[in-house]
There are 2 protein chains.
Amino acid sequence: MERPLAERAEARPFHVVTPLLESWALSQAAGTTVFLKCENVQPAGSFKIRGIGHFCQEAAKKGCSHLVCSSGGNAGIAAAYCARKLGLPATIVLPEGTSQPVVRRLQGEGAEVQLAGKVWDEANLRAQELAKRDGWVNVPPFDHPLICVAKCLGAKTAAAGALACARELRVLSEVVEDREAVDAVQRFLDDERMLVEPACGAALAAVYSGLLGRLQAEGRLSPTLASVVVIVCGGNNIDSRELQALKAQLGWR
Amino acid sequence: MERPLAERAEARPFHVVTPLLESWALSQAAGTTVFLKCENVQPAGSFKIRGIGHFCQEAAKKGCSHLVCSSGGNAGIAAAYCARKLGLPATIVLPEGTSQPVVRRLQGEGAEVQLAGKVWDEANLRAQELAKRDGWVNVPPFDHPLICVAKCLGAKTAAAGALACARELRVLSEVVEDREAVDAVQRFLDDERMLVEPACGAALAAVYSGLLGRLQAEGRLSPTLASVVVIVCGGNNIDSRELQALKAQLGWR
């Protein structure tokens with residue numbers, strides 16, 4: 001017999017302790033020891049399982065009977081994964097143009113997929129509408145105190161948790177070019193044998209493109225860094241074909 | 001001041017607890033739940049760090065002053081990594097034809113590289129010779145009670161530990177074709193975003209090629225497998241160029 005929901009929700013977190021690996025290749029590139037926090041090997045393929053796993057467990061404890069999420073990306077996959085592990089039904093609402101592989105991936109996790117609207121904002125409205133039903137809970141893909149800090153490249157406002165961190169801690173916010181991010185994805189694949197999304201490649205590009213050295217030369221970063229940790233946040237939306245397409249788009253030979 | 005060697009050797013193991021991830025794509029292929037034991041995210045890139053890390057720590061406790069190893073592959077990288085962490089010098093002896101990237105990788109770990117002989121057997125003789133020096137210890141790349149079970153595709157005899165396991169447990173020893181192993185490497189890269197050596201792809205090929213299903217149909221494996229664990233043993237000797245070369249060699253379009 002299945003364990004009751006409250007018991008399943010009290011179980012250990014869905015995320016795992018990921019390895020912190022010293023990278024020889026990135027250390028060479030940075031001129032100091034670089035460690036990789038490998039969030040790409042979290043269940044459901046990205047760091048998103050941390051906040052969303054916690055949110056879903058809390059929702060289940062409070063009697064949630066159905067999870068809803070309006071992301072077809074890593075947040076949606078994480079929500080569908082958590083729902084399956086909790087034994088709860090899940091509905092993922094996506095814009096009408098969503099690709100078939102994404103739909104199949106989510107259905108593979110046992111989620112119901114509904115297509116609504118042309119863009120994420122519209123799908124999100126539909127998700128919020130569904131979440132008004134009794135026992136249904138909306139899993140916000142990035143901005144919620146329990147999910148706290150997460151990124152969404154298409155979001156129009158910063159997550160409140162991220163903003164608070166930026167105010168409290170010394171944060172250097174730097175921009176890398178698309179080409180540098182995709183270059184970093186390719187180099188990381190060859191150096192560390194892991195394939196990540198360009199959004200994750202952006203953090204790696206800070207090392208590969210020499211950004212750290214430039215910040216040191218400008219006096220904005222200490223000239224003697226004992227070590228650097230790069231969070232390899234991961235992401236499911238990449239494969240070798242997609243990487244080739246990105247390279248072609250950027251005029252790569 | 002540096003901690004004394006005995007203290008460094010008493011520290012926690014060099015290997016880490018790697019994630020055990022449920023794979024949606026491989027579960028689809030197998031028709032049952034497949035878990036991946038991700039040894040590819042061990043320090044030094046493969047499962048080899050387990051046995052070799054333990055061996056090197058034991059050697060250090062017994063007063064070893066210099067480590068020697070005759071592998072340019074994953075065992076040699078693991079030995080060089082352990083030596084650096086223990087603060088011990090290491091000499092890696094390799095056949096003369098060894099590629100420059102392998103030499104640089106090992107030198108990057110702080111190891112001295114010596115080239116000796118045409119094939120591994122000859123380099124190994126030289127390593128055994130060096131290990132006669134006072135305080136020097138040879139790290140056998142695969143066959144030693146402390147290292148226990150490991151594979152070496154070029155070895156002429158099975159490791160004693162592997163043989164003992166094969167006698168004690170029920171083992172189905174199956175062969176997969178090179179093409180199936182390389183096909184599995186490509187599919188695994190696209191499905192799970194990890195790039196592994198074909199030797200690791202061979203285990204994945206047991207799922208992707210339908211071998212499990214054939215064993216079930218033949219009555220050699222239970223028709224109702226609750227779940228399957230595939231050990232993703234990893235390995236450093238692969239990058240996208242090497243994968244393309246392997247595919248070209250096998251007549252892939």
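Not measured: the values here are computed from a predicted model. Here is how names work: the chains are called A, B, and so on, in the same order as the sequence lines, proteins then strands, and each is numbered from 1.
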What pair of heavy atoms forms the shortest contact from [X] to [Y], and how long is it?
X: B:D190; Y: A:R241; answer: OD1-N, 4.5 Å
X: A:L21; Y: B:Q42; answer: CD2-C, 3.8 Å
X: A:S240; Y: B:L189; answer: OG-CD2, 4.2 Å

Do A:P19 and B:P43 come close enough that some side-chain heavy atom pair is under 4.5 Å?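 Sidechains of B:P43 and A:P19: no contact.
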Using a cut-off of under 4.5 Å for heavy-atom pairs, which of B:V16, B:L36, B:N236 has the most such pairs with chain A?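 Most heavy-atom pairs within the cutoff with chain A belong to B:N236.
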Please determine whether the number of non-hydrogen atoms from other residues, nucleotides or ligands lying under 6.0 Å from atom [atom1] of [X] exceeds 12.
X: A:E177; atom1: CD; result: no
X: B:L225; atom1: CG; result: yes
X: A:L115; atom1: CG; result: yes

For B:R84, which atoms come within 4.5 Å of any heavy atom of chain A: side chain, backbone, both, or neither?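 For B:R84, the contact with chain A is made by the side chain alone.
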To the closest 0.5 Å, what do you measure between [atom1] ([X]) and [atom2] ([Y])?
X: B:W24; Y: A:R105; atom1: CH2; atom2: CZ; answer: 6.0 Å
X: B:R193; Y: A:N237; atom1: CZ; atom2: CG; answer: 8.5 Å
X: B:Q186; Y: A:D239; atom1: CD; atom2: CG; answer: 9.0 Å

If you count heavy-atom pairs under 4.5 Å with chain B, which of A:V41, A:L20, A:V196 comes out on top?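 With the most close heavy-atom pairs to chain B, the winner is A:V41.
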Mind ranking A:S27, A:G235, A:S23, A:G45 by heavy-atom pairs under 4.5 Å with chain B and telling me who comes out on top?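 Max contact count across the listed options: A:G235.
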Sort A:E242 into side chain, backbone, both or neither according to what part of it lies under 4.5 angstrom from a heavy atom of chain B.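 No part of it gets close to chain B.
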I would like to know whether A:E22 and B:K85 meet side-chain contact (heavy atoms from CB on, under 4.5 Å); could you show each step before the answer? CA-CA 11 Å; A:E22 188 178 332; B:K85 292 289 171 187; 2.7 Å; yes
